[in-house]
Structure formats: structure tokens, C-alpha cells
Participant: 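Encoded as C-alpha cells, here's the structure I'll be asking about.
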Amino acid sequence: MKRYLIIALSLVLGLPLFAQAQKKANKDTDHWRYELQAAVGQAPHGCALVRVWTYSKNANVATLQAGKNAVHGILFMGYPPSMEGKRIPGRNPLIADREKEEQYEEFFKKFFADNGEFQRYVSYMGNGIPDQAPLKIGKEYKVPILVTVMVDELRKRMEQEGILAKMEEVVKGKMPTIMVVPSAMWCNKNGYMQAFDNQGKTEYVPDYEKALLNSTDLSVAINTINTLMANRNFPLKDLEASLKTLKNESAEDAMMTSKMGDAIAESPIDILRRVAKADIWVEIEWFTTPLKGGSQQSLTYSMNALDAYTDVVVAGVPPTTGQPEYTSKFELPTAMSGAIGGQFDPFCNSLMTYFDQLNKQGRAIKMRILTWDSFDDGLMAEFDGDELHEIIEDWVAANTVNGKFGSPDISPSGNRMTIEQVRIPLQNEKGRDLDARTWARGLQKMLRNKYSIESNLSSKGLGQLQFIIGGK
């Protein structure tokens, strides 16, 4: 302890010797010799609190370099999770490609220069005095300094410089629209489920309206994630507003049933998806754990992003426990942002990569085509020398991205055909969003105008549609 006080005092008294120490500091950090560690404590929104272990033969020099090392680490190194007390989430580097440090060498040389702009994105905790005893390793010191780095602002600066791509540059085309909802597991644990009749079978799905009416934490949690997503320029759909729109829909649209008695049943979730028209559903889940007799609590948080058309999980944050907080000071938005921590960047990157692929390859939907018993020869009926299923397949090939769709499955009777993995564009030629039903109207019009064939078109959610050939 005595040794720690002596070293700490020498650090404070040595600060006026800045000019003399700085030359040594720059030499010692030519190869960026430091370690970054997740630190206990609550960082402001959009920031990271880290402990920087800087190596130097001079303890004063190590202190002067801590802020510079912290910013460099957030940019290029990241840091692993910590097991100090409770598990603290780690963070991936903002710039995963280390070659960019060399590619933009001139910029970073100025950025990290003495009194460089890196200083705008970092602040010292405890006036830069080590929060633990510095370690003497051979002839040099390993000095721990707590530092706060403004991660969100640092990312924006890298985007401005063209070092990091902006989301609209990564996703070359339609941007994914996001809607944040509570997970089915969270709804089930908290008693917010509803039953619906799926063709004689009772099934249970989340009751979002009941959850919003009874849980103030849910609204706070959704707004927290909406804010984080909006800061990354993702277009958003609001769950509460979508539910109000759904209420205004006519009752006949709540369940689509064909005249031949072959129903395409939609669950309340399918209907909401069709109304909200969000590309991605981000399902969130969280719970708090009391600690130390209830004087503290920690928050465990997870979220998954699902393609609203296919239910495929495209990105996720695994269950992560944030740092313990005193119950009297516990705030859900702050705790949630802290629990997500460094997981949010890769989560957003996965979303952007997935949606960029959809822009290039098209989104997958499923088609189910039926015919009335009274429709002679069913899908084998001939028109201008082509069988009806061939006419439909030709139209699908001409109106999908790169003509991509799965092999059609035709029943032996010829009155049913299913086509999966039909890759439709995200937007039409006028730049308007396409869902399965909107896209399929083109086929419906073609059959009517060219062959005088009437059809009934219905959908399940956003990604499944059903044709009934031979009448409305």
C-alpha cells in the first residue's frame, strides 16, 4: 500500500513535466503496448468504461498514454468479457480490419499526435490516478488507469472520414425496417399470452397489447432499443402504433378463408406482421437478479433479430449479464444499454450484411397454388399450347431476382402446386416495398388479362401466399 501511495504521488507531481515525459511516451507507444480490460462501473450512454494497463519504464509516461491507448484499443483491439465480480460484457473493435490502420496511416498519425483529436473522445476517471497499485515488471511498470471512451461519437468520426462504412453504404438498396417486440418467452413468463384457433387446434402466441398495457418496463425497454437502432439510422416501426392500426382493420381481414373451404389461417402475430410490414422483428428479453440481500441487482439481457418473412434468426445478442447496480439507483435503460455493450456493433453488422444479401439475392417467400374442382384439368389445363403450371412458372421466373425459385411440387391430381424459396425483389420498379401479396398481384392480373382466369389471392403474414385458381 505504501508503495502504491508513493507511485501515485509521483504520478501527480510528475504531471507538470509533461513535455519531458511526452517524448518518452511516444517512443514507448510506437508499438501500442497496452492491455484493455472491461471495468466495473456505469459508463454514460454511448460510452465504454475500460481499465487501460499501459507498459512503460516510467510510470508517469504510462499515465499520459492511457487515454491514447484506450481510444486505439476501442478502434482496433476491443477487449474480452471480464469475470470481475459479475461477468462484464466485452467489446469487439470498431474497425475489424487492422489493415485500415496502415491504409489511413496519415490520418491516424495526426489523430494520435500530441494534443491530437483523440482527446475529444476520452476522459480520465479519478483524475488519471491509478485505481489499483501499478505493477513493477522487471525494469518497467504496468500502470492501470480507468478511462471512459465515447464510442458512438468515435464511430461517427470514423464514418465521416470514410474509414468505417455508413449503414446506407453497406446496404446498397432498401434499408431494413425494424420493429422491436418482447420475446415469446418473456411474454409467457409474465403472463402475456393469448389463445387462437388454428383450424380446430388451440395455439398460444404473445399478447403484445396486454403486455404494453400492464408493463411499464416493456415500453421503456422497447424505447431503449429503438433509440439505439435509430442512432444507427435504421428505419423503425412502432409496436404500439402498429397494434392501433391493426384494431382499425375490418374483422373480415383477420382470417382469410377461400370459398372452397381450404383456409389459410393467420395467427394474431401473422396479422400484425402483415399490418406493420417491418422487415426485421427484434425480439428482446430481460430479467433482473437481486444481489446482496436486495441492495443491488443485475440485469440479464438478450435479443434476436428475425426475418419477418421467414422467421429465420439473422442476428442475435446471447444472454449477457450487466454490472451490478444499487437498487436505489437502478435504471432499466442504462442497465440495458450497459448489458448490450460491445455486442451491439456486431449485432447491427450482422443485420446489415444479411439485408445487403437480400437486396442482391431477393427475399424468400412461399407460394401455394390450388384450383377449384370445377376448373377442368386443374394446373394441367392448356392455354395457347402451354399448361397452366408452366405459364405460372414462366411468370415467376420472369419476376424473381435472377429468376431464382425452388422446384415446384405438383400433386398427382394436378390441382395443387407449392413453390418455396421464391426470391422476390424488395421493391418494385417504382421503388415501393414489396411483400408476397403485393408481388403476387402481378400474377393475378396476368392470368385475368391474358387468359381470362379469375383467382382468389390470400396471404399468411408477409411471406406466404395462396392462390385459388378458377374464381374469386
Side-chain angles (χ1 to χ4, degrees), residues 4 8 11 25 28-29 31-56 59-96 98 101 108 111-112 116-135 137 141-158 164 228 298-299 301 317 320-325 334-347:
Y4 166 63
L11 294 176
D28 282 349
T29 57
H31 301 290
W32 296 108
R33 296 183 64 235
Y34 63 85
E35 295 174 15
L36 233 57
Q37 177 186 24
V40 174
Q42 193 63 61
H45 181 72
C47 299
L49 177 63
V50 296
R51 180 176 292 108
V52 190
W53 292 88
T54 301
Y55 292 84
S56 178
N60 293 335
V61 168
T63 300
L64 294 172
Q65 293 301 104
K68 187 179 295 188
N69 288 341
V71 173
H72 184 272
I74 292 295
L75 284 173
F76 294 106
M77 304 299 292
Y79 52 86
S82 170
M83 291 301 293
E84 184 177 343
K86 280 284 183 179
R87 184 178 179 89
I88 305 172
R91 181 179 291 273
N92 289 336
L94 288 180
I95 303 174
R98 286 300 302 272
E101 187 174 8
F108 286 117
F111 186 78
F112 286 113
E117 289 189 61
F118 77 90
Q119 296 178 113
R120 295 169 51 186
Y121 306 97
V122 65
S123 61
Y124 291 89
M125 305 295 290
N127 296 319
I129 297 176
D131 69 313
Q132 298 179 15
L135 304 177
I137 303 175
Y141 290 101
K142 181 180 176 183
V143 183
I145 304 292
L146 283 179
V147 171
T148 298
V149 180
M150 301 169 64
V151 180
D152 284 356
E153 292 302 315
L154 188 58
R155 180 191 302 104
K156 290 177 183 178
R157 177 62 191 280
M158 295 301 109
L164 280 176
L228 291 174
S298 63
L299 180 135
Y301 182 85
V317 173
T320 306
T321 301
Q323 301 175 32
E325 294 291 330
T334 305
M336 191 169 285
S337 298
I340 296 172
Q343 309 271 2
F344 195 63
D345 279 327
F347 176 82

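Model, not experiment: these values are computed from the prediction.
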Participant: Go through the steps to decide whether I145 and T54 satisfy the test side chain to side chain contact (heavy atoms under 4.5 Å, CB included), and finish with yes or no.
Facilitator: CA-CA 8 Å; I145 304 292; T54 301; over 6 Å; no

Participant: Going from CG on L94 to CG on L75, what distance comes out if it is rounded to the nearest 0.5 angstrom?
Facilitator: 5.5 Å

Participant: For D345, enumerate each residue passing the salt bridge (charged side-chain N to carboxylate O under 4.0 Å, His left out) test, keeping only those at least two apart in sequence or located in another chain.
Facilitator: R155, R232

Participant: Tell me the closest heavy-atom pair linking A38 and P80, and the distance in Å.
Facilitator: CB-O, 4.2 Å

Participant: Taking the side chain from K68 and the backbone from F112, do they hold a donor-acceptor pair closer than 3.5 Å?
Facilitator: yes

Participant: Does some side-chain heavy atom of P144 sit less than 4.5 Å from a side-chain heavy atom of W53?
Facilitator: yes

Participant: Starting at CZ of F118, measure out to NE2 of H72 and round the result to the nearest 0.5 Å.
Facilitator: 12.0 Å

Participant: Which value, rounded to the nearest 0.5 Å, describes the distance between M125 atom CE and R51 atom CZ?
Facilitator: 11.0 Å

Participant: Donor-acceptor check, side chain of Y124 to backbone of G67, threshold 3.5 angstrom: yes or no?
Facilitator: yes

Participant: Could you pull out the closest heavy-atom pair between V147 and A70, with the gap in Å?
Facilitator: CG1-CB, 3.7 Å

Participant: Would you say M77 and R98 make side-chain contact, with heavy atoms under 4.5 Å?
Facilitator: yes

Participant: If you measure from the Lys or Arg side-chain nitrogens to the Asp or Glu carboxylate oxygens, is any gap between R120 and E153 under 4.0 Å?
Facilitator: no

Participant: Under 30°, 30 to 60°, or over 60°: which ring-plane class applies to F347 and F344, parallel, tilted or perpendicular?
Facilitator: parallel

Participant: Within the distance-only criterion (no hydrogens, no angle test), does the side chain of Y34 pair as donor or acceptor with the backbone N or O of G73 below 3.5 angstrom?
Facilitator: yes

Participant: Report the distance from atom CZ of R157 to atom CG of L164, rounding to the nearest 0.5 Å.
Facilitator: 12.0 Å

Participant: How many angstroms lie between NZ in K156 and CE in M150, if you round to the nearest 0.5 Å?
Facilitator: 9.0 Å

Participant: Are T320 and Y301 side-chain neighbours, meaning at least one heavy-atom pair lies under 4.5 Å?
Facilitator: no

Participant: For the pair Q119 (side chain) and G116 (backbone), establish whether a donor and an acceptor sit closer than 3.5 Å, ignoring hydrogens and angles.
Facilitator: yes

Participant: Applying side chain to side chain contact (heavy atoms under 4.5 Å, CB included), run through L36 and V52 and close with a yes or a no.
Facilitator: CA-CA 5 Å; L36 233 57; V52 190; 3.8 Å; yes

Participant: Roughly how far, to the nearest 0.5 Å, is the CD atom of Q37 from the CG atom of L146?
Facilitator: 9.0 Å

Participant: Between Y121 and I74, is the side chain to side chain contact (heavy atoms under 4.5 Å, CB included) condition met? List the steps.
Facilitator: CA-CA 11 Å; Y121 306 97; I74 292 295; over 6 Å; no

Participant: Applying side chain to side chain contact (heavy atoms under 4.5 Å, CB included) to R91 and V151, what does each step give before you reach the verdict?
Facilitator: CA-CA 11 Å; R91 181 179 291 273; V151 180; 3.7 Å; yes

